[in-house]
Amino acid sequence: MKTYSFLPAILFAMLVTVSAAAQMTVTGEVVEVIDGKTVVISIATGKVKAELQYIDVPEPGQQLHQTVTAHLRTMLVGKIVEYRAQTIFKDRTVGRMLLNGIDVSQQLLRDGAAWHIPPRASGQEKSEVAVYSSTETDAKNEKRGVWSIAGLKPSREVRADKAAVPSPPQTTFASEPNSVKPVVIAKAGYWGDKNPALGNIGALVNGYNAETKSGYVGTSYLGVPESELDKAIGAKTAVDITYFYKEDEKNARKGVYVITVVSASKRWRFLAKNDLYVISDDKTTLIGKAKRTTSTKDGTVQESLSYTVKRSDIERIANGTQVLLRVGDYHCQPLPMLQFMLFNLIQVTQ
């Protein structure tokens with residue numbers, strides 16, 4: 001059997017402009033490789049599933065799938081990388097990864113371990129397209145990796161080919177009624193419209209009313225880890241950060257950011273103390289007291305605390321390396337997913 005290997009090319013890949021991206025970048029160790037372009041990064045506050053942007057790799061069933069995955073595993077596992085998420089989905093993030101200052105996506109293109117996704121499909125900025133395309137062309141001319149096998153198609157083309165194949169006809173029995181099922185149109189509700197000016201919101205939730213030109217976009221409620229003391233009283237806490245806005249005739253937005261902390265516990269937790277503090281990299285900012293609503297049900301105390309915050313406060317939560325939200329005496333450490341979603345929220349609402 002013929003085997004294929006990736007002869008390591010000189011790590012020449014162009015350095016990205018780190019100064020512009022550094023404040024949105026997290027640093028961590030790659031602890032797992034899922035496939036040829038997806039890894040798991042362990043950072044101080046948890047783990048992040050990261051997909052390399054702008055490239056396509058052989059998928060299961062294609063030649064070189066295992067070889068490319070092994071190549072990425074050898075390159076990254078146990079290594080410290082810098083990662084900046086550009087898009088956030090419910091099951092993963094997609095972004096730029098740097099290993100010793102080298103763009104990993106570009107390195108895989110140079111090694112022949114990947115194909116470059118056309119900018120019309122990826123939305124890649126024109127300033128980067130030329131570098132990525134040139135890198136891919138070098139590997140193609142040298143017949144490296146995926147370019148060493150005649151007719152090997154990028155996995156996106158394979159998926160498109162499969163989708164184009166018509167489904168086999170379904171057998172219809174004489175006893176089946178030949179009638180059309182009625183279409184039930186669900187009411188969209190007040191927030192059921194779509195705002196075309198909002199852009200790519202990834203895993204964020206949103207609502208919009210076209211008549212009033214008002215809407216919201218936010219993280220939805222994300223649970224946070226509890227201390228052993230809080231677990232002992234059956235405490236459960238979640239945090240939501242949402243931007244509420246209204247647009248004018250020119251679609252310019254004006255709005256407010258609101259942090260909401262909800263708690264369910266066997267006793268009152270925020271009755272006496274409920275000031276919110278944002279602690280980011282040892283800098284503490286007092287947000288203020290909460291608008292508080294409460295209820296009790298079946299021996300459980302439910303508290304909802306809402307705070308109007310500045311955009312700069314949201315940026316500090318998203319950008320900080322060590323971040324805590326303190327409500328009274330309670331300390332909440334946001335999970336990595338919340339910070340990535342806030343980065344996306346900042347991009348969408350700028």
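Heavy atoms only: backbone and side chains are in, while hydrogens, waters and symmetry mates are out.
- A donor-acceptor contact shorter than 3.5 Å links the side chain of Y243 to the backbone of G255.
- Looking at residues two or more places apart in sequence or on another chain, you find a side-chain contact (heavy atoms from CB on, under 4.5 Å) between P225 and L335.
- Evaluation of the salt bridge (Lys or Arg N to Asp or Glu O under 4.0 Å) rule for R326 yields no partner, not counting sequence neighbours.
- For N195, the side chain to side chain donor-acceptor pair (under 3.5 Å) partners are Y245, E247, not counting sequence neighbours.
- Considering all non-hydrogen atoms of both residues, V57 and G36 come closest at CG1-O, 3.8 Å.
- Heavy-atom minimum distance, L64 versus L152: CD1-CD2, 4.3 Å.
- A donor-acceptor pair is defined here as one N or O able to donate and one able to accept, closer than 3.5 Å; such a pair exists between the side chain of T93 and the backbone of K49.
- Results of the side-chain contact (heavy atoms from CB on, under 4.5 Å) test with Y83 over V26, L52, I43 single out V26 as the only residue that passes.
- No donor-acceptor pair closer than 3.5 Å links the side chain of S265 to the backbone N or O of V301.
- Judged as a ring-ring contact (aromatic ring centres under 6.0 Å, His included), the pairs with a partner in residues 38-69 (not counting sequence neighbours) are, in order, Y54-Y132.
- Applying the salt bridge (Lys or Arg N to Asp or Glu O under 4.0 Å) criterion to K213, with sequence neighbours excluded, gives no partner residue.
- Residues that satisfy the side-chain contact (heavy atoms from CB on, under 4.5 Å) test with S155, not counting sequence neighbours, are D56, E59, Q62, R159.
- Classification of D230 and R269 as a salt-bridged pair holds, one side-chain N sitting under 4.0 Å from a carboxylate O.
- In summary, the side chains of D111 and Q107 do present a donor paired with an acceptor at a separation below 3.5 Å, with no hydrogens or angles considered.
- When the shell of 6.0 Å around CG of D282 is examined, it contains 12 or fewer heavy atoms from other residues, nucleotides or ligands.
- A distance-only check finds a donor-acceptor pair linking the side chain of S148 to the backbone of G145 [under 3.5 Å].
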Discussion item. What verdict does the side chain to side chain contact (heavy atoms under 4.5 Å, CB included) test give for I314 and I241, after you've listed the backbone C-alpha separation in whole Å, the side-chain angles of each residue and the deciding distance to 0.1 Å?
Written reply: CA-CA 9 Å; I314 302 300; I241 302 180; 3.6 Å; yes
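- The backbone N or O of T135 sits nowhere less than 3.5 Å from a side-chain atom of D138 that would complete a donor-acceptor pair.
- At most 12 non-hydrogen atoms from other residues, nucleotides or ligands lie less than 6.0 angstrom from NZ of K266.
- Between E136 and R144 no salt bridge is recorded (no basic side-chain N to carboxylate O distance below 4.0 Å).
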Worksheet item: Can you check side chain to side chain contact (heavy atoms under 4.5 Å, CB included) on L76 and L99, steps first, answer last?
Response: CA-CA 8 Å; L76 293 182; L99 173 64; 3.9 Å; yes
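- No hydrogens or angles considered: nothing links the side chains of Y330 and S263 as a donor-acceptor pair under 3.5 Å.
- Think of Y221 as one node in a network of Ile, Leu, Val, Met, Phe, Trp and Tyr side chains linked at under 4.5 Å; its network also takes in V262.
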Fill in: Trace of the side chain to side chain contact (heavy atoms under 4.5 Å, CB included) decision for M75 with L108
CA-CA 10 Å; M75 181 189 299; L108 291 179; 3.8 Å; yes
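- Side-chain contact annotation: T212 with N209, donor-acceptor N/O pair under 3.5 Å present.
- Under the salt bridge (Lys or Arg N to Asp or Glu O under 4.0 Å) criterion, R311 pairs with E315, sequence neighbours left out.
- Residues passing the salt bridge (Lys or Arg N to Asp or Glu O under 4.0 Å) test with E228 are K231, sequence neighbours excluded.
- The backbone N or O of Q53 lies less than 3.5 Å from a partner atom in the side chain of S105, making a donor-acceptor pair.
- Legend: residues meeting side chain to side chain donor-acceptor pair (under 3.5 Å) with K273, ordered by chain and number and at least two apart, are D329.
- Other members of the hydrophobic cluster containing V31, listed by chain and number, are I34, V40; membership follows side-chain contacts under 4.5 Å among ILVMFWY residues, whether direct or relayed.
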Discussion item. I'd like to know whether E29 forms a salt bridge (Lys or Arg N to Asp or Glu O under 4.0 Å) with K47, so could you lay out the CA-CA distance, the side-chain angles of the two residues, the decisive distance to 0.1 Å, and finally the verdict.
Written reply: CA-CA 9 Å; E29 178 185 352; K47 293 182 178 180; over 6 Å; no
Item to complete: Begin from the C-alpha positions of V217 and L345 and carry the test side chain to side chain contact (heavy atoms under 4.5 Å, CB included) through to its verdict.
Response: CA-CA 7 Å; V217 56; L345 181 63; 3.7 Å; yes
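- Within the structure, side chain to side chain donor-acceptor pair (under 3.5 Å) pairs that include any residue of residues 299-308 comprise T260-S306, R292-E303, S295-Q302 (at least two apart or interchain).
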